[in-house]
A.B. asks: 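Sharing a structure with you now.
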Amino acid sequence: MAFPSLMSLARQAIPRLLEAVIIPLALFYTAWSGSAVVYFLQAELGTISLSMVFLASIWLRRPLVGKLIGEYVQLPQAVMAHERIRRCFVHLAVLWALVLLANATVSIWLLLSVTLGIYLPVRPGMLSSSIIRKSLATVGKSQEARAVSSSEPMALSGRVA
């Protein structure tokens, strides 16, 4: 009978530890402290973490944007493997990471420098404008990728002209 490796056990235990112990304790502390700053800061730290995930996916040469696009749009493997499409995924991952990081940074700065009465009405407008900018840039990049996939059919199919 073979026992699972220590790394395998750790990979399964860490998410459960986060779900069952760490996150509930953090939420309890937030509610118990009664601090609005701690409450809103938690969300911004999550946004910063997500931006780091986008950057790490680039470093690992598996852009998260490519994975997300693959979940929603069924593209042929040849298109997904095309160098210019992969470069487009990298550019989009950098864009999303930087927008998320800038958004969180400005939100934290606002949270720490203005009153809650000013922060609450300003924050949603700032968030929606950054989402609109990111969406427009994503649409522009996808148009560029569509042009690449239609203009280079031989390269995408793997055949040499």
A.B. asks: With rounding to the nearest 0.5 Å, note down the distance linking CZ in R86 to NE2 in H91.
C.D. replies: 12.5 Å
A.B. asks: To check you understand the geometry: which heavy-atom pair defines the closest contact between I108 and E44, and what is its length?
C.D. replies: CG1-CB, 3.6 Å
A.B. asks: Identify each donor-acceptor pair in which a side-chain atom of residues 54-70 lies under 3.5 Å from a protein atom, sequence neighbours left out, and give them as a table.
C.D. replies:
from: S57; atom 1: OG; to: F54; atom 2: O; distance (Å): 2.7
from: S57; atom 1: OG; to: L64; atom 2: N; distance (Å): 3.0
from: K67; atom 1: NZ; to: E71; atom 2: OE2; distance (Å): 3.1

A.B. asks: What's the separation between atom OG1 in T105 and atom CG in L98, rounded to the nearest 0.5 Å?
C.D. replies: 10.0 Å
A.B. asks: Residues two or more places apart in sequence or in another chain: which of them pass side-chain contact (heavy atoms from CB on, under 4.5 Å) with L6?
C.D. replies: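 By the side-chain contact (heavy atoms from CB on, under 4.5 Å) rule, L6 matches no residue at all.
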A.B. asks: Could you tell me which residues satisfy side-chain contact (heavy atoms from CB on, under 4.5 Å) with S5, sequence neighbours excluded, listed by chain and number?
C.D. replies: M7, S8
A.B. asks: So, do M52 and L101 sit near enough that their side-chain heavy atoms are less than 4.5 Å apart?
C.D. replies: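 M52 reaches L101 side chain to side chain.
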A.B. asks: Hey, are the side chains of I48 and L100 touching, using non-hydrogen atoms and a 4.5 Å cut-off?
C.D. replies: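 I48 does not reach L100 side chain to side chain.
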